[in-house]
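Data block below; observations after.
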Amino acid sequence: MKHLKKITYLLLIAVFAISCEKETLTLENSASETKKIQNLPDDAPMSLFEIMKTGGLDAYFREQKALQDKSASPTKTAQRSYNENVMFFNTAEEFGNNNLTTEDFENAIEDYSWDDYHENLSDPTYSYYLSFGTTYSFPGILNENNLHNKFNPGDFTSGISFEQKINEEMLEVDYNAQYFRYYFEENDEEVRERLEGWIDNNGFFISRSNYNYPNCPSCNNSYDKTLFSNYSFTDLVIKFTESDVNSVNFTLTYNNYYTYKVYDTDENLIATDYSYSYNNFWGVKSNISIGKIEILGYMYGPYNVNNDEISFDYYNRSQPNLENASFGNLDDFDNDGVRNSRDNHPFSNTTEDFYISGAECFLDIENQFARNGSTMMDELDSLIEDINSQYDGDNWEELNRDFLRKLSGITYMWRRDRLISRGERNDILDCARNAHIPGYYDIN
């Protein structure tokens, strides 16, 4: 009986172990469409690959979305560590120039595939054609020297490596550690060794799918060949073997919250970004050469397991997944024609309109490039940052006069360079007189 209960708990954990968000309608399929998952391995949790292999993917993703909606985790907002040498991007349009080397996994050799038609007898609207292909799972490292017979030699991009490591937070909150200590009767060191063994044996797989609903085009969904992390206790690590990588972006198959940690070539953490991938895109540009990027999935929970023999909270994370990854060295981050090394503002503020933050006035003035790779907003932002940095709580009036005097000199140059008219210069200075600069804030 005890063994049966353990198997039951393991199945429960497995259901929550993967949180791939997929926006889709709540569909009602016939019972015959949902295939049962059988033959649970004796020494491993159910992986995402095993669930996908059953063919019940559409129902699975709907279930995962419902589970996420019920999650007890608090709502989080985007958080980014500030580093003047690093800029993050959430859309391809913001990122701009993408003349970078790309690995899209399209050359992956599928171990099996199928095309099938799923008829929904209760509601034909949701009958669909499915085209699916996948590789078997393989060790948690993929690069040109470790192809695992999933790529032909020469079909994988050099200079990039995809690897996995255990997410330490998952062990700290006792998700895997506590559960597997109980299930396998092992200590923390033995649990870690077991989990690392699973990663080493089958940490990744690559798959594609296309759901085509002939009677409901808005229900259609698909993804190209995608690299999936197989277990929810892992982080995805992207390493670059070349020393001059300063720009990276990738496409994620599923929108979700992710944490991105950017390291230099000496493995020093230089910036962290926590944000939602609304556009299935994330990118970074850095004046410091990038050595690796770690991607951490969003943590859901806690979920409580409470029975006669055990009682504890456990968590699950959404697995990182990539349709492609691009990397390389861009000489001109903001495409202004000035090389980064000579650009006063390599990450230019290219907002369409010129405005003064903190001033209650509207300026119908175009934000244009001024000098040395700087926009008008760049020069204003730098001035305000300099003035604010000098504020000590007692010198507001002095600094406000300095701000107005220096802005007068800057706008004089804009007027001389014919970026603005005389009237527009007067409007800017009138607006600046109403701005609360330096900003009021506590001085520690």
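Bear in mind that the values here come from a model prediction, so they are computed numbers and not experimental data.
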Would you please indicate if the ring centroids of Y300 and Y298 are separated by under 6.0 Å? yes
For Y260 and W282, I'd like to know if the aromatic rings sit close, meaning centre-to-centre distance below 6.0 Å.
yes
Residue N145 excluded, over 12 heavy atoms near CG under 6.0 Å: yes
OG1 (T241) and CD (E144) are apart, to the nearest 0.5 Å, by 6.5 Å
Derivation of the side chain to side chain contact (heavy atoms under 4.5 Å, CB included) call for V284 and I293 | CA-CA 10 Å; V284 59; I293 296 175; 4.0 Å; yes
Note to self: Quick check: do M376 and I420 have side-chain heavy atoms less than 4.5 Å from each other?
What the structure shows: yes
Is it the case that more than 12 heavy atoms not belonging to E106 sit under 6.0 Å from its CD atom? yes
* Asked: Given T251 and N324, is the side-chain hydrogen bond (donor to acceptor under 3.5 Å, both in side chains) satisfied, shown in steps?
  -> CA-CA 6 Å; T251 301; N324 58 63; 3.2 Å; yes
* Is the closest side-chain donor-acceptor distance between T253 and T226 under 3.5 Å? -> yes
Verify side chain to side chain contact (heavy atoms under 4.5 Å, CB included) between T101 and I160, making sure each step is shown before the conclusion.
CA-CA 10 Å; T101 301; I160 190 170; over 6 Å; no
For this session: Inspect the contact between K261 and D235 and indicate whether a charged nitrogen and a carboxylate oxygen are less than 4.0 angstrom apart.
Result: no
task: Any chance you could lay out the side-chain hydrogen bond (donor to acceptor under 3.5 Å, both in side chains) test for E424 and W414, step after step, and finish with the verdict?
output: CA-CA 10 Å; E424 289 173 331; W414 294 346; over 6 Å; no
Ring pair (Phe, Tyr, Trp, His ring centres under 6.0 Å) with F132: of Y223, W114, Y211, only one passes, and it is W114
Quiz item: Is the shortest distance from a Lys or Arg side-chain nitrogen in E186 or R192 to a carboxylate oxygen in the other one below 4.0 Å?
Solution: no
Task: Side-chain (S389) to main-chain (D386) donor-acceptor, under 3.5 angstrom - done: yes
query = Is there side-chain contact between Y258 and L252, with at least one heavy-atom pair below 4.5 Å?
reply = yes
query = Can you say whether the rings of Y257 and Y274 are parallel (under 30°), tilted (30 to 60°) or perpendicular (over 60°)?
reply = parallel
Exercise for the section: Could you check E103 against T157 for side-chain hydrogen bond (donor to acceptor under 3.5 Å, both in side chains), going step by step and ending with a plain yes or no? Expected result: CA-CA 6 Å; E103 175 52 55; T157 303; 2.8 Å; yes
query: Should the ring pair Y231 and F233 be called parallel, tilted or perpendicular, given that the plane angle runs from 0 to 90° and is split at 30 and 60?
result: parallel
Rounded to the nearest 0.5 Å, the CG atom of D111 sits from the OG atom of S207 at a distance of 11.5 Å
On a heavy-atom basis, the closest approach of L330 and F95 is CD1-CE2, 4.3 Å
Whether the S131 and N210 side chains hold a donor-acceptor pair (N or O, under 3.5 Å, no angle test) is what I'd like checked. no
| query | Can N143 and N146 be said to form a side-chain hydrogen bond (donor to acceptor under 3.5 Å, both in side chains), step by step? | reply | CA-CA 5 Å; N143 55 42; N146 296 273; 2.8 Å; yes
Value for CG (N99) from CG (N329), rounded to nearest 0.5 Å, stands at 12.0 Å
Fill in: Over 12 foreign heavy atoms within 6.0 Å of CD, E94
yes
>> Apply side chain to side chain contact (heavy atoms under 4.5 Å, CB included) to residues N107 and K225 and explain how you reach the verdict.
In response: CA-CA 9 Å; N107 289 326; K225 288 185 179 178; over 6 Å; no
Correct closest heavy-atom pair for C216 and Y126 would be SG-CE2, 4.2 Å
Query - Ring-face cation of K285 near F347 (centre distance under 6.0 Å, axis angle within 45°) - result: no
Is the shortest side-chain N to carboxylate O distance from E163 to K292 below 4.0 Å?
no
Which of Q164, Q319, R317 passes side chain to side chain donor-acceptor pair (under 3.5 Å) with S229? It is Q164
Practice problem: Return yes when atom CG of N268 has more than 12 non-hydrogen atoms of other residues, nucleotides or ligands closer than 6.0 Å, and no otherwise. | Solution: yes
- Residues E110, R208: salt bridge by 4.0 Å N-O rule: yes
- Query: Below 4.5 Å, heavy atoms only, C-beta onward: do V248 and F240 meet side chain to side chain?
  - Reply: yes
Practice problem: Please tell me if the side chains of L407 and L380 come closer than 4.5 Å, counting only heavy atoms from C-beta onward. | Solution: yes
Looking only at heavy atoms, the pair that brings N335 and G96 closest together is ND2-CA, 4.2 Å
Interatomic distance, CG@N215 vs OH@Y213, rounded to 0.5 Å, equals 11.5 Å
Is any side-chain heavy atom of F205 less than 4.5 Å from a side-chain heavy atom of N230?
yes
All heavy atoms of I428 vs all of I356, minimum pair found to be O-CD1, 3.7 Å
Walk me through whether Y136 and Y112 qualify under ring-ring contact (aromatic ring centres under 6.0 Å, His included). CA-CA 8 Å; Y136 293 117; Y112 62 91; 5.5 Å; yes
To the nearest 0.5 Å, atom CG of D343 lies from atom CG of D334 at 5.0 Å
dist N167:CG -> L236:CG (nearest 0.5 Å) comes out at 12.0 Å
For this session: Would you indicate whether the side-chain heavy atoms of N367 and D353 approach each other to under 4.5 Å?
Result: no
For I290 and S247, the nearest pair of non-hydrogen atoms, with its separation, is CD1-N, 4.3 Å
Working for side chain to side chain contact (heavy atoms under 4.5 Å, CB included), residues D417 and R371:
CA-CA 10 Å; D417 293 342; R371 297 186 174 197; 2.9 Å; yes
Quick one: are the ring centres of F151 and F105 less than 6.0 Å apart? no
- Is there a donor-acceptor contact under 3.5 Å linking the side chains of T351 and N349? no
May I ask you to test the I410-L383 pair for a side-chain heavy-atom distance under 4.5 Å? yes
When every non-hydrogen atom of S374 is compared with those of H345, the smallest separation belongs to OG-ND1, 2.6 Å
* Considering only heavy atoms from C-beta outward, does the side chain of F88 approach that of V86 to under 4.5 Å? -> yes
